[in-house]
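Every number for a ligand or one of its atoms is a count from 1 in the order of the listing.
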Amino acid sequence: VTRVALLGGTGRIGPALALRLSAAGVEVVLGSREAEKADATATRLSERLAGVQSAPITGQTNADAVRDAGVVMVTVPFEAQAATLTPLAGALEELIVVSTAIPMRFDPDLGPEAVDVAEGSAAEQVAAVLPRSRVVGALHTVSSVHLGKLDRDLDEDTVVTSDDAGARAEVMELLELIPGLRAVDGGRLVNARATEGMTVLLLSINRMVKRSVGIRITNLPRA
Ligand SMILES: NC(=O)c1ccc[n+]([C@@H]2O[C@H](COP(=O)([O-])OP(=O)(O)OC[C@H]3O[C@@H](n4cnc5c(N)ncnc54)[C@H](OP(=O)(O)O)[C@@H]3O)[C@@H](O)[C@H]2O)c1
């Protein structure tokens, strides 16, 4: 994969991922509802990468960003996921589309809570909206805080799920370009229910320990 589009790449996880992918030599196009916002974010990130060997980061509208992308990652809040993807369904046919969304809300007193999704998970919702795309779930448990610190390697796993084994393998290979991030094959897309739900648990732990925790799957055979 040489070019990744990040839809809604102007928030928290989008820019952090863009920095890591760019530093790994992968060209990134940030998508946004507003081209100017994407462009401004791309300029800010490119300035941060000055002096670091990196591939270009540019910004466009979401619709323009998906053109010529090898992989499309959806980094908008769950509530915005279906509305963002529906008008792009034709352009996203045959493409690998990665869902990162966690269907949840923050109760001001009780903290993070999962919300029910009719399709079962956010990733399965993407598959329902984009029946002709190669849908993958990944990155749920990876915090933008750690991703954004380019001077520190990650030290965690991400479980990658898809009903398309080829797409799953491609996304695993892409994510393992990020130093210290290990991609674990999580099997079918339905298993995104567990990775998304696990993230609500991690966010509850974060709230108690006041830092961003991640996951490790133990006792895997060596690659
Ligand atoms: N933050 C994390 O550490 C983390 C970790 C793992 C997974 N995730 C998941 O990644 C996704 C993005 O997280 P985030 O923290 O980066 O979110 P965010 O900063 O709240 O939003 C990301 C971008 O989504 C777009 N957006 C927001 N509301 C929208 C709407 N109503 N319609 C269309 N686009 C909208 C915005 O882009 P424009 O205004 O430029 O269009 C915004 O910059 C979420 O689904 C989250 O569950 C986050």
Side-chain angles (χ1 to χ4, degrees), residues 4-21 28-45 57-66 71-88 97-106 111-117 119 121-126 129 135-149 152 154 156-161 171 175 178 181 183 186 192-207 210-215:
V4 170
L6 300 174
L7 303 183
T10 55
R12 281 170 293 181
I13 190 145
L17 259 177
L19 285 172
R20 292 286 186 170
L21 292 172
V28 177
V29 187
L30 304 177
S32 169
R33 288 168 294 182
E34 298 165 52
E36 300 72 28
K37 184 176 172 184
D39 191 46
T41 307
T43 301
R44 175 172 61 80
L45 297 177
I57 303 178
T58 53
Q60 294 177 355
T61 61
N62 286 325
D64 287 336
V66 303
V71 167
V72 175
M73 295 189 175
V74 192
T75 56
V76 300
F78 170 67
E79 305 74 49
Q81 188 181 248
T84 300
L85 294 176
T86 301
L88 302 177
V97 179
V98 181
S99 176
T100 66
I102 299 121
M104 58 170 292
R105 63 184 206 97
F106 271 101
E113 286 180 348
V115 301
D116 289 336
V117 182
E119 295 83 359
S121 64
E124 290 166 278
Q125 184 196 69
V126 175
V129 173
V135 179
V136 175
L139 285 167
H140 302 104
T141 58
V142 179
S143 160
S144 63
V145 176
H146 297 309
L147 265 181
K149 290 182 183 152
R152 283 185 44 189
L154 297 182
E156 61 188 288
D157 290 343
T158 179
V159 174
V160 180
T161 58
V171 171
L175 294 179
I178 298 174
L181 183 63
R193 295 176 191 189
T195 53
E196 293 172 18
M198 166 73 69
T199 308
V200 180
L201 170 65
L202 297 185
L203 291 169
S204 305
I205 296 172
N206 289 353
R207 197 164 173 253
K210 304 203 181 333
R211 56 194 292 174
S212 297
V213 300
I215 61 160

Exercise. Which residues pass the side chain to side chain donor-acceptor pair (under 3.5 Å) test with Thr195, sequence neighbours left out?
Worked result: His140
For this session: Taking Ser121 for its side chain and Val117 for its backbone only, find out whether a donor-acceptor pair lies under 3.5 Å.
Result: no
Problem set entry | Check: Gln81/Ser99 side-chain N/O donor and acceptor closer than 3.5 Å | yes
For ligand 1, list all ligand N or O to protein N or O distances below 3.5 Å, rounded to 0.1 Å.
unit_1, atom_1, unit_2, atom_2, d
ligand 1, 3 (O), Ser144, N, 2.9
ligand 1, 3 (O), Ser144, OG, 3.2
ligand 1, 10 (O), Thr100, OG1, 3.2
ligand 1, 15 (O), Arg12, NE, 2.9
ligand 1, 15 (O), Arg12, NH2, 3.1
ligand 1, 16 (O), Arg12, N, 2.8
ligand 1, 16 (O), Ile13, N, 2.9
ligand 1, 19 (O), Arg12, N, 3.3
ligand 1, 32 (N), Arg33, NH1, 3.3
ligand 1, 34 (N), Arg33, NE, 3.4
ligand 1, 37 (O), Thr10, OG1, 3.0
ligand 1, 39 (O), Arg33, NH2, 2.9
ligand 1, 39 (O), Lys37, NZ, 2.6
ligand 1, 40 (O), Thr10, OG1, 2.6
ligand 1, 40 (O), Ser32, OG, 2.5
ligand 1, 41 (O), Arg33, N, 2.8
ligand 1, 41 (O), Arg33, NE, 2.9
ligand 1, 43 (O), Thr10, OG1, 2.8
ligand 1, 43 (O), Gly11, N, 3.2
ligand 1, 45 (O), Val76, O, 2.7
ligand 1, 47 (O), Ile102, N, 3.0

Problem set entry | All salt bridge (Lys or Arg N to Asp or Glu O under 4.0 Å) counterparts of Glu119, not counting sequence neighbours | none
Pair up each side-chain donor or acceptor in residues 29-41 with any protein partner under 3.5 Å, not counting sequence neighbours, and list the distances.
unit_1, atom_1, unit_2, atom_2, d
Ser32, OG, Glu34, N, 2.9
Ser32, OG, Glu34, O, 3.0
Thr41, OG1, Lys37, O, 2.8

For this session: Please name the residue in the list Leu181, Thr199, Thr75 that meets the side chain to side chain contact (heavy atoms under 4.5 Å, CB included) test with Leu139.
Result: Leu181
